[in-house]
Amino acid sequence: MMKCIAVDDEPLALDLLEDNISKVPFLTMVQRCKNAFEAHEVLMKETIDLIFLDVQMPGISGIQFLQTVKVPPMVIFITAYEQFALDGFNLDVVDYLLKPVSFERFLKGANKAHELFNLKNNPAPSAVAADYLFVNAEYNLVKVNIRDIVYIEGLKDYIKIFLTSATRPIITRMSLKAIDEKLAADKFIRVHKSFIVSVDKIVSIRKGKISIANVQVPISEHYKENLYRFIDPKNLV
């Protein structure tokens with residue numbers, strides 16, 4: 001079961017959220033909150049897995065509230081305004097629902113949160129062995145085949161995963177360190193504070209740069225030794 005709260009300043013919207021939550025077997029409503037202050041009090045006392053959060057509220061908006069939570073639960077924004085979708089993406093919310101929300105659309109968002117909840121709480125030890133992992137990108141759980149990864153670029157709180165099977169990278173909110181820990185150490189190597197590369201897909205190494213997929217990836221001094229331990233002396237001519 002996922003413990004959730006609903007936060008909205010409109011009583012009718014809270015009534016609808018509570019009714020929808022009651023229809024989903026894996027959700028249990030802990031409390032309904034009419035503003036961010038009440039939600040904050042709940043988070044101080046309870047372990048909450050999911051927040052259904054309105055954006056436009058008096059006093060503190062849903063966005064401002066979420067920015068103040070150090071380790072936030074999963075969040076689904078529910079709002080009447082489309083223009084906050086980018087903020088939702090930057091805050092890594094699970095889904096973005098526009099009012100009025102049908103139950104079918106609500107259930108789709110809840111299912112997405114449930115999948116993430118299960119992945120976080122019941123990680124499959126065979127995920128890497130099975131050559132895939134899931135990342136949260138653009139409000140979807142996206143399956144990434146590890147054999148398709150060419151290289152990964154870190155950008156502060158985000159990473160860009162470049163694949164042989166796609167022309168555009170997958171962008172997800174995750175640290176480079178976090179994904180490095182999920183990759184097989186004999187297949188991927190960190191060569192720079194901002195780059196991880198697939199060893200199998202390296203084309204050449206020259207003057208502190210790796211040629212891979214028509215891109216020049218820099219090698220930092222700090223990680224140079226890390227790279228050359230992969231090079232079998234027998235393969236040097």
Side-chain angles (χ1 to χ4, degrees), residues 1-9 14 17-18 21 24 26-57 59-79 84-97 106 109-125 127-128 133-142 144 152-161 170-183 190 193-194 196:
M1 293 290 289
M2 295 173 60
K3 296 168 68 177
C4 63
I5 59 173
V7 188
D8 201 307
D9 62 308
L14 280 177
L17 274 173
E18 188 171 11
I21 289 168
V24 181
F26 53 79
L27 294 180
T28 180
M29 175 81 128
V30 172
Q31 189 169 318
R32 47 189 283 167
C33 307
K34 62 179 179 290
N35 54 53
F37 301 105
E38 289 186 3
H40 176 73
E41 289 181 5
V42 176
L43 294 183
M44 294 293 289
K45 299 174 185 176
E46 297 269 359
T47 299
I48 301 300
D49 301 307
L50 176 63
I51 304 176
F52 293 96
L53 182 62
D54 186 22
V55 175
Q56 289 286 73
M57 295 184 292
I60 298 178
S61 72
I63 292 170
Q64 291 170 327
F65 163 65
L66 188 52
Q67 290 170 334
T68 66
V69 182
K70 189 172 182 180
V71 185
M74 291 183 291
V75 172
I76 293 178
F77 274 156
I78 300 184
T79 177
F84 301 111
L86 180 59
D87 295 291
F89 175 75
N90 289 332
L91 289 168
D92 201 27
V93 302
V94 174
D95 209 344
Y96 192 94
L97 308 184
F106 176 88
N111 282 332
K112 194 179 299 183
H114 195 222
E115 290 176 16
L116 277 173
F117 177 79
N118 287 332
L119 283 172
K120 290 176 181 178
N121 292 279
N122 302 292
V128 172
L133 52 81
F134 284 92
V135 298
N136 191 17
E138 298 183 4
Y139 310 118
N140 287 294
L141 278 174
V142 179
V144 177
I152 304 168
E153 181 180 2
L155 303 166
K156 293 186 178 180
D157 297 331
Y158 292 86
I159 59 171
K160 295 167 73 174
I161 304 173
I170 294 172
I171 301 174
T172 184
R173 189 169 187 175
M174 181 186 293
S175 69
L176 206 62
K177 180 181 177 182
I179 196 164
D180 194 18
E181 292 172 352
K182 297 178 183 293
L183 300 172
R190 190 161 182 176
K193 67 178 182 179
S194 301
I196 294 171

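Listed here is the closest heavy atom pair of Cys4 and Ile48: CA-CG2, 4.1 Å. Across every non-hydrogen atom of Ala113 and Ile76, the tightest pair is CB-CD1, 4.4 Å. Residues Leu91 and Ile63 share a closest heavy-atom pair of CD1-CG2, 3.9 Å. Between Leu50 and Val75, the closest heavy-atom pair is CD1-N, 4.1 Å. Nearest heavy atoms, Ile171 versus Ala137: O-CB, 3.4 Å. The two atoms that bring Ile60 and Phe65 nearest to each other are CG2-N, 3.5 Å, heavy atoms only.
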Handout entry: Trace of the side-chain contact (heavy atoms from CB on, under 4.5 Å) decision for Leu53 with Val93
Key = CA-CA 10 Å; Leu53 182 62; Val93 302; over 6 Å; no
Practice task
Please assess Ile159 against Ile196 for the test side-chain contact (heavy atoms from CB on, under 4.5 Å), listing each intermediate value before the final yes or no.
Solution key: CA-CA 10 Å; Ile159 59 171; Ile196 294 171; over 6 Å; no
Problem - Intermediate values then yes/no, side-chain contact (heavy atoms from CB on, under 4.5 Å), Leu155 and Lys160 - result: CA-CA 8 Å; Leu155 303 166; Lys160 295 167 73 174; 3.1 Å; yes
Exercise for the section: Could you give me the CA-CA distance, side-chain angles and deciding distance for Phe52 and Phe106, then say whether ring-ring contact (aromatic ring centres under 6.0 Å, His included) is met? Expected result: CA-CA 10 Å; Phe52 293 96; Phe106 176 88; 4.9 Å; yes
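To the nearest 0.5 Å, atoms CG (Leu141) and CZ (Phe134) are separated by 7.0 Å. Note: Leu133 CG to Lys182 NZ = 7.0 Å, rounded to the nearest 0.5 Å. Summarising the geometry, atom CZ belonging to Phe77 is positioned 10.5 Å from atom CD belonging to Gln56; distances are rounded to the nearest 0.5 Å. Going from atom CD1 of Ile152 over to atom CE of Met174 covers 9.0 Å, rounded to the nearest 0.5 Å. Separation of atoms CZ (Arg32) and CG (Asp8) is listed at 9.5 Å; rounding is to 0.5 Å. One finds the CG atom of Asp87 at 7.5 Å from the CD atom of Gln67 (value rounded to the nearest 0.5 Å).
At a threshold of 4.5 Å between non-hydrogen side-chain atoms, the residues Asp157 and Asp92 do not count as touching. For the pair Leu43/Pro73, a side-chain contact is recorded, criterion being any heavy-atom separation below 4.5 Å from C-beta on. Side chains of Met57 and Val7 form a contact here, defined as non-hydrogen atoms less than 4.5 Å apart. Asp9 has its side chain out of reach of Asn35: every pair of non-hydrogen atoms, C-beta onward, lies at least 4.5 Å apart.
In this structure, Tyr96 and Tyr139 have tilted ring planes: the angle between them lies in the 30° to 60° band.
Screening residues 36-45 for salt bridge (charged side-chain N to carboxylate O under 4.0 Å, His left out), with sequence neighbours left out, gives Lys34-Glu38.
Between the side chain of Thr172 and the main chain of Asn136, a donor-acceptor pair closer than 3.5 Å is present. Asn140 places no side-chain N or O within 3.5 Å of a backbone atom of Val142 that could act as its donor or acceptor partner.
Applying the side chain to side chain contact (heavy atoms under 4.5 Å, CB included) test to Lys3 and every residue at least two apart in sequence or in another chain returns Thr28, Val30, Glu46, Asp49. Legend: residues meeting salt bridge (Lys or Arg N to Asp or Glu O under 4.0 Å) with Glu138, ordered by chain and number and at least two apart, are absent.
Around the CE atom of Met1, the shell of radius 6.0 Å holds more than 12 heavy atoms that belong to other residues, nucleotides or ligands.
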